[in-house]
Chemist: 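Supplied in structure tokens, the structure appears directly below.
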Amino acid sequence: MTLKECYDVLGGDYENAVGRLMNDRILQKFVFKFLNDGSYDMLIRSMEAEDYKEAFRAAHTMKGVCQNLSFTVLGESSSHLTEALRAEKSEEYQELLEAVKEDYRRTVAAIQVLKAEC
């Protein structure tokens with residue numbers, strides 16, 4: 001799998017990301033670092049503990065990382081959850097969290113395939 005193919009699978013904007021970071025080598029380095037980002041784990045733990053202030057912080061951080069890497073799909077789902085947490089729309093939390101979980105799984109799976117093939 002190429003880096004561009006990885007972006008296609010995870011629902012990202014490869015052209016935007018490579019344009020921002022100047023080349024595939026640097027972009028790939030940051031894509032692989034995403035696997036070690038703790039925002040998702042913090043989000044899950046915070047939501048389970050009903051610590052919505054910390055969940056907001058984690059979702060907001062994840063949204064920012066996704067925007068920087070042009071992970072469009074995960075960025076959008078984490079943005080929707082961030083805004084629901086900001087507005088304290090608790091009736092939306094579970095559905096939005098499930099979308100983030102699915103998009104995160106897809107993103108991580110694509111990156112892991114890319115990493116295994118490098």
Chemist: Hey, what do you get for CZ (Arg105) to CG (Leu74), rounding to the nearest 0.5 Å?
Modeler: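 If I round to the nearest 0.5 Å, the distance is 11.5 Å.
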Chemist: Tell me, please, which residues at least two apart from Glu95 pass salt bridge (Lys or Arg N to Asp or Glu O under 4.0 Å).
Modeler: none
Chemist: Can you tell me how far apart NZ (Lys115) and CD1 (Ile111) are? Round to the nearest 0.5 Å.
Modeler: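 Nearest 0.5 Å value for the NZ-CD1 distance: 9.5 Å.
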Chemist: So, using ring pair (Phe, Tyr, Trp, His ring centres under 6.0 Å) as the criterion, who are the partners of His60 when residues are at least two apart?
Modeler: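 Ring pair (Phe, Tyr, Trp, His ring centres under 6.0 Å) list for His60, sorted by chain: Phe56.
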Chemist: Return the set of residues passing side-chain contact (heavy atoms from CB on, under 4.5 Å) with Asp13 (not counting sequence neighbours), or none when no residue passes.
Modeler: Glu15, Asn16, Ser70, Thr72
Chemist: For Arg106 and Val9, indicate whether the former's side chain and the latter's backbone hold a donor-acceptor pair under 3.5 Å.
Modeler: no
Chemist: Count I, L, V, M, F, W, Y as connected when their side-chain heavy atoms are under 4.5 Å apart, and connections chain through other members. Are Leu10 and Val73 then in the same cluster?
Modeler: no
Chemist: Holding to salt bridge (Lys or Arg N to Asp or Glu O under 4.0 Å), I want the full list of residues that pass it with Glu98, two or more places apart in sequence or in another chain.
Modeler: Lys101
Chemist: Residues two or more places apart in sequence or in another chain: which of them pass side-chain contact (heavy atoms from CB on, under 4.5 Å) with Ser90?
Modeler: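 If we apply the side-chain contact (heavy atoms from CB on, under 4.5 Å) test to Ser90, skipping adjacent residues, the hits are Tyr93.
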Chemist: State which residues pass side-chain contact (heavy atoms from CB on, under 4.5 Å) with Lys53; sequence neighbours excluded, sorted by chain then number.
Modeler: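 Residues passing side-chain contact (heavy atoms from CB on, under 4.5 Å) with Lys53: Asp51, Arg57.
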Chemist: Quick test of your reading: applying side-chain hydrogen bond (donor to acceptor under 3.5 Å, both in side chains), list the pairs with at least one residue in residues 76-87, sequence neighbours left out, ordered by first then second residue.
Modeler: Ser77-Asp103, Glu83-Arg86
Chemist: Does atom CD of Glu91 have more than 12 heavy-atom neighbours from other groups under 6.0 Å away?
Modeler: yes
Chemist: Please report, to 0.1 Å, the donor-acceptor pairs under 3.5 Å made by any side chain of residues 26-35, with sequence neighbours excluded.
Modeler:
none

Chemist: Tell me every residue that passes side chain to side chain donor-acceptor pair (under 3.5 Å) with Tyr14, counting only those two or more places apart in sequence or in another chain.
Modeler: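 By the side chain to side chain donor-acceptor pair (under 3.5 Å) rule, Tyr14 matches Asp24.
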Chemist: Taking only residues two or more places apart in sequence or in another chain, which ones pass side-chain contact (heavy atoms from CB on, under 4.5 Å) with Gln67?
Modeler: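 Counting only residues at least two positions away or on another chain, Gln67 forms a side-chain contact (heavy atoms from CB on, under 4.5 Å) with Lys63.
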Chemist: What distance separates Thr107 OG1 from Gln112 CD, expressed to the nearest 0.5 Å?
Modeler: 11.0 Å
Chemist: Is it the case that one hydrophobic cluster holds both Ile44 and Met42, taking links as side-chain heavy atoms less than 4.5 Å apart, direct or via other members?
Modeler: no
Chemist: To the nearest 0.5 Å, tell me how far Leu85 CG sits from Tyr52 OH.
Modeler: 8.5 Å
Chemist: Is there a continuous path of hydrophobic side-chain contacts, each under 4.5 Å between heavy atoms, that joins Val108 to Leu81?
Modeler: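 In one cluster with Val108: Leu81, yes.
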Chemist: Take Leu43 and Leu97, measure what side chain to side chain contact (heavy atoms under 4.5 Å, CB included) needs, and give me the verdict at the end.
Modeler: CA-CA 9 Å; Leu43 173 64; Leu97 180 61; 4.1 Å; yes
Chemist: Suppose the criterion is side-chain hydrogen bond (donor to acceptor under 3.5 Å, both in side chains): which pairs have a residue in residues 39-50, not counting sequence neighbours?
Modeler: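 Qualifying pairs: Asp37-Ser39.
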